[in-house]
Amino acid sequence: MTFEQYIQGMTRRELVSHLLCPAIRSTPIPTADPREYFDVIFADPEFKPGTVFFFPSKKEDIIKMHKKLTEHIGSAPIGSMDMETSPNAINGGTNFGTAMSISAANSLEDAYTCGEACAKQGLECGICWSYGPVADLNINPKNPIINTRSWGDDADRAGDFVEAFVKGMQDSGMIATAKHFPGDGIDDRDQHICTTANTLSKEEWMATFGKVWKRLIDGGLRSIMPGHIGLPAYEEDGKVVPATISKTLLTDLLRGEFGFDGLIVSDGMNMGGLAPYVTIEEGIIKMVQAGCDVLLFANFWADISYILDVLEKAIDEGEITIERVKESVYRIWKEKQRLGLLGEGEKMIYHPCSEADIKRYSETAARIAKNALSIYKNELGVLPLDEKKIKKVISVDVTNSEGPVNNLVDEVMRQKGIEVIKYGEYTENGLVREAQLPKADVIIVHFYYGSQWCTNHIAPNGVMIRCVYEYLFKTNMPVVMVCHGSPYIPFTFPYVKTILNTFSGVDVDPDAIYDVLFGKTEAKGVTPVKLP
C-alpha cells in the first residue's frame with residue numbers, strides 16, 4: 001500500500017487524528033481515570049489515531065483491545081508501551097531490573113538480549129513501539145527522576161549499553177524510542193512538576209549528551225522522545241524552552257544538524273513541564289510547529305474533539321500547513337508499512353515468543369541480578385557475614401515509595417533459620433530510636449530509593465534520618481547498608497563503612513543478595529556512576 005493509497009479518502013480530521021496518541025487501559029481497574037477507556041477516548045467517530053499507548057495490562061486483554069482498535073480505525077494502530085528495560089508492563093513479561101543494574105552487570109550481550117525480549121514479548125500482543133530506552137546521563141546525583149533509569153554518567157560507556165539495547169530491540173522488529181532529548185540528569189528537579197533545564201554549554205553538551213544522541217541516530221534509531229527540558233545554550237537569549245515546543249531543538253538541531261528523520265513523539269502533554277508553560281491551544285500548535293509527529297497522552301490534556309478542533313482551526317488560519325501534518329502522517333505510515341500492519345501483509349501482530357526464548361530471557365534476568373551486585377565499601381571487613389554466627393538480624397526498611405516494600409531478602413534469611421526483627425516507616429514496629437533496639441548480631445538497613453515521579457524525593461530526609469543515623473553511628477552492632485535502587489545514598493551518609501549496591505528498586509533476586517552478604521558468591525558489579 002502506497003502512502004497515497006493510505007491517505008486516500010481520509011478527511012482532514014482523520015489526518016490530524018494520526019498525530020494524537022491516546023493512553024488506553026485494556027485491563028480495567030477500580031481506580032482508573034474514566035478518560036483511559038475506549039468509549040470516552042473514541043466518542044468522536046472521526047478520531048482514528050495512528051498510534052495508541054497501552055497501560056500495563058494482561059496480554060490477552062491487550063490483544064482484545066488491539067483488535068477492537070484495528071476494527072474502529074480501519075488498520076492496526078502502532079501499539080506502544082513503556083519498555084525502558086523490560087517487557088514486564090505486560091503481565092508475565094520478564095523483569096530485567098533497572099538500566100543501571102544492567103549496566104552494572106557489565107554485559108553488552110545481556111543488554112542486547114533485554115532489548116530483544118522487549119520486542120519479542122511485546123509483539124505477542126501487538127505492542128510494536130517502545131517508549132524506551134532512557135538515553136539520559138545521570139550526572140547530577142540529586143536528579144529525582146532519572147537516577148537508576150539511566151545507564152550511567154559517562155557518555156561512552158552509557159552509549160555502549162543504550163546502543164546495544166536499541167539494536168536488540170530493533171533487530172527483532174520493535175521501534176525503539178530514546179528519551180528524553182536533549183537530555184535529563186543535570187537538573188535537580190522533575191519535569192513532571194516543572195520545566196527543567198540542561199544547563200551545559202554547547203561544547204559540554206556535544207561532548208556528553210550530544211555524543212550519545214548522534215551515535216544513536218547514526219546507528220539507525222527510529223524514534224526520539226523530547227522532554228519538557230530546555231537547552232538554553234542553543235536558544236536565542238539563553239531562554240529555557242521545553243524541547244517539546246522548541247523548533248530550534250527539534251527542527252534545527254535534531255532534524256537539521258543531526259539528520260534525524262524518524263518519529264518524534266512528545267513526552268506526556270499533561271506534564272507540569274509543559275502544562276503551566278503554555279495554554280492548551282498554544283501547546284498543541286507549538287508541538288506540531290516544533291516538529292513533533294505524535295502528541296502523547298492527548299486524552300489527558302483536553303477532550304479529543306477539542307484538540308482536533310484546535311488543529312483544524314490552526315490549519316485554516318495558516319499556523320500549521322496540511323503539508324506539515326502529512327509529513328508526520330507519512331512517518332507513521334512508513335513505520336506501519338515496515339512493521340507489516342497494513343493490508344493483507346500483516347506480519348508483526350501477535351507474533352508468538354518461543355518457550356526457548358522465554359527460558360533464555362529468564363536466565364538473562366537472573367544473571368543480571370547476580371552480576372550487578374557491587375560491594376561499594378567494606379572498610380571494617382564486616383562482609384562476608386558468617387552464616388554460622390548470625391542468628392538474629394535487625395532489618396530496617398527505608399523507602400521513598402508511598403507504602404511498604406516487599407523485602408524478600410528477609411524471607412530468604414528466615415528460610416535459612418535466621419530470626420529477623422523488622423523496623424521501618426511502614427512496618428508494625430515503625431522506626432525506633434537506637435536505645436530501644438534489641439540486641440542482634442547485625443543491623444541491615446535497606447534503602448529502597450528509586451525514581452518516583454512528581455515527588456522530587458530521591459535523597460533520604462525526615463525523622464527517619466535521625467533514627468538511621470543512630471543505628472549507623474551509636475550502636476555497637478555491625479551495620480550493613482544495602483542500597484536497592486539509587487547508589488547515591490552515600491552522599492547522605494558519607495561515613496558509612498559497609499555498603500552493598502543492587503542498583504534496582506526491588507529485590508530482583510533476593511537469593512543472590514543473600515549469597516553476596518554471606519560470602520557464598522562474589523560481588524561482580526561495576527558501578528556505572530561516580531560516587532563519593
Side-chain angles (χ1 to χ4, degrees), residues 21 23-27 51-59 61-63 65-66 77-103 110-136 145-146 148-151 161-181 184 216 221-225 227 262-263 265-268 294 296-297 335 339 348-351 353 357-358 360-362 364-365 368 450-451 453 504-506 508:
C21 181
I24 197 164
R25 189 169 296 281
S26 50
T27 300
T51 67
V52 175
F53 176 90
F54 287 87
F55 284 113
S57 301
K58 298 176 182 176
K59 184 193 303 184
D61 292 342
I62 297 174
I63 292 173
M65 180 57 69
H66 199 278
I78 303 177
S80 61
M81 183 175 272
D82 276 330
M83 292 186 183
E84 294 184 358
T85 61
S86 308
N88 60 325
I90 301 168
N91 189 36
T94 308
N95 181 9
F96 295 106
T98 65
M100 197 171 287
S101 66
I102 299 169
S103 178
D110 284 347
Y112 178 97
T113 300
C114 294
E116 176 196 318
C118 290
K120 289 190 176 180
Q121 292 188 3
L123 291 170
E124 284 194 297
C125 52
I127 304 298
C128 307
W129 188 2
S130 165
Y131 294 147
V134 165
D136 302 308
I145 194 60
I146 299 304
T148 54
R149 294 169 67 199
S150 84
W151 304 80
F161 280 90
V162 179
E163 185 176 55
F165 181 89
V166 167
K167 185 169 174 54
M169 184 173 276
Q170 295 193 161
D171 283 354
S172 294
M174 178 173 273
I175 306 169
T177 305
K179 60 186 185 184
H180 309 80
F181 186 84
D184 206 341
L216 295 175
L221 177 70
R222 289 202 287 272
S223 176
I224 286 176
M225 177 184 287
L263 284 167
V265 52
S266 79
D267 210 337
V294 176
L296 182 60
F297 295 170
E335 287 299 335
L339 291 165
M348 281 296 182
I349 306 178
Y350 326 131
H351 186 81
C353 185
D357 278 341
I358 292 172
R360 182 163 56 90
Y361 301 150
S362 178
T364 301
I368 290 169
S451 302
W453 66 276
S504 274
V506 293
V508 176

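Everything quoted here is computed from the prediction, not taken from an experiment. Only this structure's heavy atoms are used, side chains among them; waters, hydrogens and symmetry mates stay out.
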Nearest-0.5 Å distance, OH of residue Y131 to CD1 of residue I175: 8.5 Å
Could you work out, with salt bridge (Lys or Arg N to Asp or Glu O under 4.0 Å) as the rule, every residue matching K59, not counting sequence neighbours? E124
I'd like to know if the side chain of S362 and the backbone of I358 have a donor-acceptor N/O pair within less than 3.5 Å. no
Counting distance only, does the side-chain N/O of S130 pair as donor-acceptor with the main-chain N or O of M83 below 3.5 Å? yes
Please name the pair of heavy atoms, one in S451 and one in R149, separated by the smallest distance, quoted to 0.1 Å. OG-CD, 3.7 Å
Using the salt bridge (Lys or Arg N to Asp or Glu O under 4.0 Å) criterion, which residues pair with E335? Sequence neighbours excluded. R222, R338
Are any non-hydrogen side-chain atoms of P77 and H66 less than 4.5 angstrom apart? yes
Sequence neighbours excluded, which residues qualify as side chain to side chain contact (heavy atoms under 4.5 Å, CB included) partners of S150? M100, N138, I146
Heavy-atom distance under 4.5 Å between the side chains of P87 and Y361, does that happen here? no
In terms of heavy-atom contacts, L216 and A178 come closest through CD1-CB, 3.9 Å
Side chain T177, main chain M225, donor-acceptor under 3.5 Å: no
I need the T27 OG1 to N91 CG distance, nearest 0.5 Å. 7.5 Å
How far apart are the C-alpha atoms of M174 and I127, what are their side-chain angles, what is the distance that settles it, and do they pass the side-chain contact (heavy atoms from CB on, under 4.5 Å) test? CA-CA 8 Å; M174 178 173 273; I127 304 298; 4.1 Å; yes
Excluding sequence neighbours, so at least two apart, what forms salt bridge (Lys or Arg N to Asp or Glu O under 4.0 Å) with E163? R215
Could you tell me which residues satisfy side chain to side chain contact (heavy atoms under 4.5 Å, CB included) with N88, sequence neighbours excluded, listed by chain and number? S86, N95
S266 side chain vs L296 backbone, donor-acceptor pair below 3.5 Å: yes
Kindly check if the number of other-residue, nucleotide or ligand heavy atoms within 6.0 Å of NZ (K179) is above 12? yes
Can you list the residues that meet the side chain to side chain contact (heavy atoms under 4.5 Å, CB included) rule with A365, with sequence neighbours excluded? T94, F96
Dump the intermediate steps for side-chain contact (heavy atoms from CB on, under 4.5 Å) on F54 and C125, then the final yes or no. CA-CA 11 Å; F54 287 87; C125 52; over 6 Å; no
The reported gap from CE in M169 to OH in Y112 (rounded to nearest 0.5 angstrom) is 11.5 Å
D136 side chain vs H180 backbone, donor-acceptor pair below 3.5 Å: yes
Using side-chain heavy atoms (C-beta onward) and a distance below 4.5 Å, is P133 in contact with V166? yes
Let me confirm one number: the NE2-OG distance from H351 to S172, rounded to the nearest 0.5 Å. 9.0 Å
Given the rule in the side-chain contact (heavy atoms from CB on, under 4.5 Å) test, do I102 and F165 qualify, once you have shown the distances and angles that lead to the verdict? CA-CA 10 Å; I102 299 169; F165 181 89; 5.6 Å; no
Donor-acceptor pair, W129 side chain versus V52 backbone, under 3.5 Å? no
Taking G97's backbone N and O only, do any of them form a donor-acceptor pair with T85's side chain (distance below 3.5 Å, no angle check)? yes
Which atom pair, heavy atoms only, marks the closest approach of Q121 to I90? O-CD1, 3.6 Å
How far apart are the C-alpha atoms of I368 and C114, what are their side-chain angles, what is the distance that settles it, and do they pass the side-chain contact (heavy atoms from CB on, under 4.5 Å) test? CA-CA 10 Å; I368 290 169; C114 294; 3.6 Å; yes
